[in-house]
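Working notes for the structure below.
If you're wondering where the values come from, they're calculated on a predicted model, not measured in any experiment. Lettering of chains follows the sequences in order, A, B, ..., and the numbering in each one begins at 1.
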Protein chains: 2
Amino acid sequence: MSISMHELIRQLREVNTTRIVLLVADGLGGLPIEPGGPTELEKAYTPNLDALVTEGVVGLSTPVAPGITPGSGPGHLGLFGYDPREHQIGRGVLEALGIGVEVGPRDVAIRGNFCTLDEEGRVTDRRAGRIPTETCERLVAKLKQGVRIDGVETLVEPVREYRLVIRFRGDGLGDHVCDTDPLSTGLKTLEPRGGDVASEKTARIAAEFLRQARAILADEHPANFLMMRGFAKFPAIATMEEVYGLKPVAIAVYPMYRGLARLVGMTVVDPGKTLADQMEVARANWDKFDFFFIHYKYTDSTGEDGNFAKKVAMIEALDAEVPKLRALKPDVLIVTGDHSTPSKMRSHSFHPVPTLLWAPATCRPDLVTTFGERPCLEGGLGQFLAKDLLPLALAHAGRLQKFGA
Amino acid sequence: MSISMHELIRQLREVNTTRIVLLVADGLGGLPIEPGGPTELEKAYTPNLDALVTEGVVGLSTPVAPGITPGSGPGHLGLFGYDPREHQIGRGVLEALGIGVEVGPRDVAIRGNFCTLDEEGRVTDRRAGRIPTETCERLVAKLKQGVRIDGVETLVEPVREYRLVIRFRGDGLGDHVCDTDPLSTGLKTLEPRGGDVASEKTARIAAEFLRQARAILADEHPANFLMMRGFAKFPAIATMEEVYGLKPVAIAVYPMYRGLARLVGMTVVDPGKTLADQMEVARANWDKFDFFFIHYKYTDSTGEDGNFAKKVAMIEALDAEVPKLRALKPDVLIVTGDHSTPSKMRSHSFHPVPTLLWAPATCRPDLVTTFGERPCLEGGLGQFLAKDLLPLALAHAGRLQKFGA
């Protein structure tokens, strides 16, 4: 039986005053539009990143496993040093994190769908005619006001259109509860059923919630009921402080990434609105933490939009902020992505992610001088799994002792 | 507890009409004869493969693990997306597959050796003087005609010289049966013994087979008996359709590769005789399948012969057929080998295998423009385990959904 990386690091980690910055450009990796052409990152003018590349070491990160396209959850868990194949985050929790609903160890988070029932209680529309978000918000407000369940704290929040999040907070709640969506119209919704004692408790609460909701929504149309899917607890996950001995802070504008950071025990601070704000927040907190996760969304969103030129521009905007990080004199500065989002594909993809690690005191520079997918193929980090990056960061920060004598 | 790649792929796989071609040039990888000289593949003139390399992405495949030289079984299992360290195929099954004997879930396959016994029943020659294949065929014909065992279907087939295959087909047969070969002359052959109830049943059948064979062969010389080795059942292995959602077909001339393909649930079609025939068979079956395994033997056999120039010529002959595959417009076309067979070594070797993946819609091209061991070191696929190639093929074919949200 081989010792796990987490166990090994717990044994070897060492106190140090060094600081690590992890700058995540979401969806950084790309593809050429034309055969022989550049990717977004290769096209972008990035003198500051190129300087880090020249002095540092580069490579390509595979977020989960070869061929696997990650969502934001697995993509970030890997970068935080957790194997995304070991630590899966349930759909309900991700949906909650995505809208800024906190999820803690006593909580079960659930994805809700408003739906339409006929007079016999059969589902006629599983998405309630895709009601507008304002209707969703009005109906959620009615539920908030109306639903009361003894012994559990309920929270309901709108997501958008027909989607909402429900969170139960209480003791001894399990999440092995079946979805109530029958998956086709013409059928009645299913009763929540628990797969173990704790989950039976959750199922009873869910059934009571649905009973009250049905009464509250009875006169609404088309959204006269809701279904529940993806019951999920906060995964039992050791914090970055427990595993790595780090005091981490997240400086992320979007709720999903703040939520993911909380999942691994990061302190979440007010990031401001722009990347320049985030840099200022990092500076202001420089003495309070030793691991700084800074999340930049726009390399992903422009890729999802299929806007190659805009993604190039967003990379250049990122590059322009890099000198502010260098000025803080981190011991280790990593720039990477949680996955690729090629504008050619308008979606997340499985392609490895260009990664640079700059650590002036300890890194072994390679011969690469520009940041890009093809240059990174020549880099000293080679191709590696994302989960191996944090141990490398610790090592470069002088935070790991020798293994064995 | 980490989710296995097969389980992950079962969860993520997606129906698509895309087609994948896996062209296996057996034993493709080689070595230079002279220091500084080219390998067989580097020497060969391969304009069609080079065009695929230029537009696609290349790398080096390690069939099983660093330093491990694979036989055909593990080599192909890796390429079919199965970890050869998890799925081992017994010797008896491989010997049977190699001569075109089918092996199914109710079968136990066994390697047989004709041998010579003295009057006291002691082995004087474990290979019966390496009798010619024609003698083997004559003796096998006698066994076929003479052996009858209640409750089990027996099949006997010659391999070559002193070697034969025995297959028992029946219910509840195990394969934990010891070899009967005493491994030195001067000793009596061993009685078959089973390690569990099902294998005791097999052992009783094997003992009866040997009793009858001894009588049938009593007057023969030098091959007056036989020994049994490598009792093996068909391994319990999920099919490629079950794991990957593919409808695969094997177009392979040699029985071993047809058998290995059957093992993972491929349909095996009549391949014709030449590579040109195989290409035509692929074309004719293009609408019936979505995964095409095409096996080309002569890069291996010329390597085994130590014939560098002939192996170069066989690679060039392969290259000449490549345009026929491109003309079919596959979504993903992979050219690789199941292992290296350097003509310098006249045998399979452990060296990584040059591999190209061409997928015009989805691959991220590297800067490599010629197919060869050294150019592949610069490739975008890096160095990878063969078992990771099929997930990459699925990803490039748009057949895997996003993991997590």
Looking only at A/Gly30, A/Pro63, A/Gly36, most heavy-atom pairs under 4.5 Å shared with chain B are made by A/Gly30
Select, from A/Glu86, A/His87, A/Arg85, the one with the greatest count of heavy-atom pairs under 4.5 Å involving chain B.
A/Arg85
Non-hydrogen atoms of chain B under 4.5 Å away: do they reach the side chain of [X], the backbone, both or neither?
X: A/Glu95; answer: neither
X: A/Ser340; answer: side chain
X: A/His348; answer: side chain
X: A/Pro35; answer: neither
X: A/Ile89; answer: neither
X: A/Pro352; answer: both

Can we call the ring centroids of A/Phe350 and A/His339 under 6.0 Å apart?
no
Would the A/Tyr257 and A/Phe293 ring centres measure less than 6.0 Å apart?
no
Portion of [X] that has a non-hydrogen atom of chain A nearer than 4.5 angstrom:
X: B/Leu381; result: backbone
X: B/Ala393; result: neither
X: B/Leu8; result: side chain

Could you check whether any side-chain N or O of B/Arg19 sits under 3.5 Å from a backbone N or O of B/Thr17, counting only pairs where one atom can act as donor and the other as acceptor?
yes
Between the main-chain N or O of A/Asn113 and the side-chain N or O of A/Arg127, is there a donor-acceptor pair closer than 3.5 Å?
no
Tell me, do B/Glu378 and B/Asp366 make a side-chain contact under 4.5 Å, heavy atoms counted?
no
Using a 4.5 Å cut-off on heavy atoms from C-beta on, say whether the side chain of B/Glu55 contacts that of B/Trp358.
yes
Give me the contact list for residues 367-377 of chain A versus chain B, heavy atoms only, anything under 4.5 Å, ordered by residue number.
A/Glu373, A/Arg374, A/Leu377
